[in-house]
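Each chain gets a letter, A, B and so on, in the order its sequence line appears, and its residues count up from 1. The structure presented is a predicted model; accordingly, all values stated were derived computationally and were not measured.
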Number of protein chains: 4
Amino acid sequence: MEATKRDAILEAALKLFANRNFDATTVPMIAESAKVGAGTIYRYFENKEGLLNVLFQKCITEFSEVITQSLSGSENNIRNKFHRIFNGLFTYTEERPEGVVFLSYQNHDLYLDEESRQMSQEFFEFLYHFIEEGKQEGVICELSPEVIISIVFGSFKEVYLNIRSGSIHYSKELIVDVENCCWNAIKR
Amino acid sequence: MEATKRDAILEAALKLFANRNFDATTVPMIAESAKVGAGTIYRYFENKEGLLNVLFQKCITEFSEVITQSLSGSENNIRNKFHRIFNGLFTYTEERPEGVVFLSYQNHDLYLDEESRQMSQEFFEFLYHFIEEGKQEGVICELSPEVIISIVFGSFKEVYLNIRSGSIHYSKELIVDVENCCWNAIKR
Amino acid sequence: MEATKRDAILEAALKLFANRNFDATTVPMIAESAKVGAGTIYRYFENKEGLLNVLFQKCITEFSEVITQSLSGSENNIRNKFHRIFNGLFTYTEERPEGVVFLSYQNHDLYLDEESRQMSQEFFEFLYHFIEEGKQEGVICELSPEVIISIVFGSFKEVYLNIRSGSIHYSKELIVDVENCCWNAIKR
Amino acid sequence: MEATKRDAILEAALKLFANRNFDATTVPMIAESAKVGAGTIYRYFENKEGLLNVLFQKCITEFSEVITQSLSGSENNIRNKFHRIFNGLFTYTEERPEGVVFLSYQNHDLYLDEESRQMSQEFFEFLYHFIEEGKQEGVICELSPEVIISIVFGSFKEVYLNIRSGSIHYSKELIVDVENCCWNAIKR
DNA sequence: AATGAATGAGGATTCATTCAT
DNA sequence: AATGAATGAATCCTCATTCAT
């Protein structure tokens, strides 16, 4: 019953931050949506910015886990790993529809603390590692891991945001197609 | 020295909106950055939201023009047109480094007026048209124009944002490489 | 000690609006005078204009009640009723010295909402009714009720304002005298 | 051509102050209505408050003159003098429909300077004098001049304001009737 | 003399945060 | 522990006033 209240706040905040953006979300909005008194939020989080950081860290951890898990036990085939990562993206997306949107806001940079930045960094390093592996095997093109990640993640994000806004119609096949596009973009 | 004051405000606002986002930018910030009294902003723009819309329309117009011009006189080869469009993206980006960032903020949706939406719509329709052409010629893959644009624009944006933040090192060759990746992503 | 804060605001606002007028009263003035934070006002009232309307409705209700009560159980003699109404005026005036001043500001028209206008209308209709009765009995002169009310209320208001400003010295007899003057003005 | 601009400003200000009240009138409003640049107003008047005082003094002077003139050459009959004064009121009202409204705003007190107060005082003293005369002749009742003036002026003002707002329909006969009511109110 | 663009002090209002209950 | 009323700093915006032209 205790962790519940904290979770309710995190859940409510995630939805609001993703749909309305951090600055356009007021603390009373979060409180109301979480069915909690406004003051209660300050029992669990230092302040609004602290809440943002806890949420960011939570999301990026979950995200990492989904991606990591989706890779576990996979054969050494890079293309197959890529498929699993891409699937992980969508798995996470289905579990927490707002997670990716939230994580991909640029202007969070203004508010993220050192720890959050660190975790974000680590996650990307994990991906860079995968890319390096692919490059060494000669199946991924010779661009810096940062560029390759940007191409794949940028595409994915944009497609997803448009699915969310209704501009793009979602289907299982679409995901497969987008994955292929992305792979074609970065394969050697 | 005449239209200067209005321009100074627009310039200052563009930088702040792109770097900090609309909600995190205060009117006094814009005023200070534009070296103008806070009240002066209201002589030229209805209010902060009005300023956003004027700025959005200005940027999207400039952007359209650069893209359109970069296509003028080009042969009927789709791959070549694609090259020119991609180049246009980077040309605009160099002219107005904050323009693309500003234009691509999702949360603008909350504040854009009908006219801005309209112009945004028209610009995308122009691109859709190009994609349809490529699909009919059989050189672009059979995905909806929205998806294809998302893949290319998403990649470009993400790479650009990382160049901006310093995570990715810029070079002429990089642009060529990214263009090739994007083309590989969407070609049939 | 419960509804007190809201009441303190209303009381402070009434005094300031009556003495200085709506436009010349600032929200911080009201807050200070009510010994309340400026933000607190907005917990109880939609905005400054909303506060004006709540106050107006409260005063006109109190005023109506005093007048209505002062008539209750009175014999059917018009002159006697007039006496009671006039007394009601002064009773209300003594209870809420600023009420009449506040209610009689012309420029409220700019800010009153539909409900306030309605209530004002109803109150005057009650008075018109009384006048009509007197006219039918042949004891009040043949002018429109609006004119008769204006003569009596105008006289009363002006005398009262001058008592307030110190130009006229108040006494029990004065009220009786003014009442007689007003009656002489409108009797047949 | 010179005095014209000043007059245009005074004329415009009178209308706006009377219709909207001092605080709700902005200097640019006056400038626009007077077809003058906003800065020009400060060539002729010290500031907005100074303009109010000049205007007040102008109106009260004109008002005094109309009343005084209407008495000139009149026989020594008090009732007749009263008739002339009352007529003067309406004459002034027709010449400068906004003058009376403007002069009768209570909250001017906040802004009037010593001279304006003085002139206001003097004008009322003139009227008091007339009342004293009537009392000595035994035709006006034994109330203080301030009270008697309040009764007459209060009635007149209220009727006039209601004519202006459309609640009361104007006619020549109405004026005569109201005059009679007022006289009945104060006669011995 | 006349203008009106420019200013910034000051007003209304919002909202993160505190704290008494 | 939980609340939400209360606060006042900070925001957007207005407008009296100045001053370069």
Side-chain angles (χ1 to χ4, degrees), chain A residues 1-2 5-6 9 22-32 34-51, chain B residues 1-2 4-6 8-9 23-32 34-51, chain C residues 1-6 8-9 23-32 34-51, chain D residues 1-2 4-6 9 22-32 34-51:
Chain A
M1 248 299 178
E2 236 103 72
K5 220 143 235 184
R6 190 173 186 277
I9 294 167
F22 180 70
D23 294 284
T25 302
T26 71
V27 173
M29 269 179 203
I30 301 170
E32 196 199 38
K35 284 171 190 156
V36 190
T40 306
I41 290 173
Y42 290 84
R43 206 158 272 291
Y44 294 104
F45 305 96
E46 203 192 347
N47 52 29
K48 197 185 164 192
E49 214 162 311
L51 170 55
Chain B
M1 255 291 180
E2 227 100 75
T4 299
K5 217 134 232 179
R6 189 172 187 277
I9 294 167
D23 293 288
T25 302
T26 70
V27 172
M29 272 179 201
I30 301 169
E32 196 196 42
K35 283 172 191 156
V36 155
T40 305
I41 291 173
Y42 293 86
R43 287 199 79 71
Y44 293 104
F45 306 97
E46 207 189 347
N47 51 32
K48 198 185 161 192
E49 214 161 312
L51 170 54
Chain C
M1 257 293 180
E2 227 101 75
T4 298
K5 217 135 232 179
R6 190 173 187 276
I9 294 166
D23 294 287
T25 302
T26 71
V27 172
M29 272 179 200
I30 301 170
E32 195 197 43
K35 283 170 189 157
V36 154
T40 305
I41 291 173
Y42 292 85
R43 286 200 79 71
Y44 293 103
F45 306 96
E46 206 190 348
N47 52 30
K48 198 184 161 193
E49 214 161 313
L51 171 54
Chain D
M1 250 297 181
E2 237 102 71
T4 298
K5 220 142 233 183
R6 190 173 186 276
I9 294 166
F22 180 71
D23 293 284
T25 301
T26 71
V27 173
M29 270 179 203
I30 301 170
E32 196 198 38
K35 284 171 189 156
V36 194
T40 306
I41 290 173
Y42 290 83
R43 206 158 272 291
Y44 293 105
F45 306 96
E46 204 191 346
N47 52 29
K48 197 185 165 192
E49 215 162 311
L51 170 55

Quick one: is [N] close enough that its OP1 or OP2 comes under 4.0 Å of any side-chain N or O from [X]?
{"X": "T26(A)", "N": "dC15(E)", "answer": "no"}
{"X": "R43(C)", "N": "dA5(F)", "answer": "yes"}
{"X": "Y42(C)", "N": "dT14(E)", "answer": "no"}

For DNA chain E, stems built from three or more consecutive Watson-Crick or G-U wobble pairs below 3.5 Å:
E:2-21 with F:2-21
Rounded distance (nearest 0.5 Å) linking atom OG1 of T25(C) with atom CG of D23(D)
8.5 Å
What is the distance from atom NZ of K48(A) to atom CD1 of I41(A), rounded to the nearest 0.5 Å?
10.5 Å
For A38(C) and for K35(B), find the nucleotide of DNA chain E with the closest heavy atom, then tell me which residue's nucleotide is more 5'.
K35(B)
5′-ward residue of the pair V36(B)/G39(C) relative to DNA chain E:
V36(B)
Atom-pair distance ([atom1] on [X]; [atom2] on [N]), nearest Å:
{"X": "K48(D)", "N": "dT18(F)", "atom1": "NZ", "atom2": "P", "value": "15 Å"}
{"X": "N47(B)", "N": "dT14(F)", "atom1": "CG", "atom2": "C1'", "value": "13 Å"}
{"X": "R6(A)", "N": "dA2(F)", "atom1": "CZ", "atom2": "C1'", "value": "16 Å"}
{"X": "E49(B)", "N": "dT11(F)", "atom1": "CD", "atom2": "P", "value": "18 Å"}
{"X": "Y44(B)", "N": "dG4(E)", "atom1": "OH", "atom2": "C1'", "value": "10 Å"}
{"X": "D23(D)", "N": "dA12(E)", "atom1": "CG", "atom2": "C1'", "value": "15 Å"}
{"X": "F45(B)", "N": "dA6(E)", "atom1": "CZ", "atom2": "C1'", "value": "15 Å"}
{"X": "E32(A)", "N": "dA16(E)", "atom1": "CD", "atom2": "P", "value": "14 Å"}

Side-chain contact check for V27(C): nearest option of dT3(E), dT13(E), dA1(E) is dT13(E)
Any side-chain heavy atom of L51(D) within less than 4.5 Å of one from V27(D)?
no
Taking K35(B) for its side chain and A8(B) for its backbone only, find out whether a donor-acceptor pair lies under 3.5 Å.
no
If you pin I41(A) and I41(C) to their nearest nucleotides in DNA chain F, which one's is more 5'?
I41(A)
Smallest heavy-atom separation, Y44(B) atom then K5(B) atom, equals OH-CB, 4.0 Å
Which heavy atom of N47(D) sits nearest to which heavy atom of Y42(D), and what is that distance?
CA-CE2, 3.7 Å
Crowded around E32(C) CD? As in, over 12 foreign heavy atoms under 6.0 Å?
no
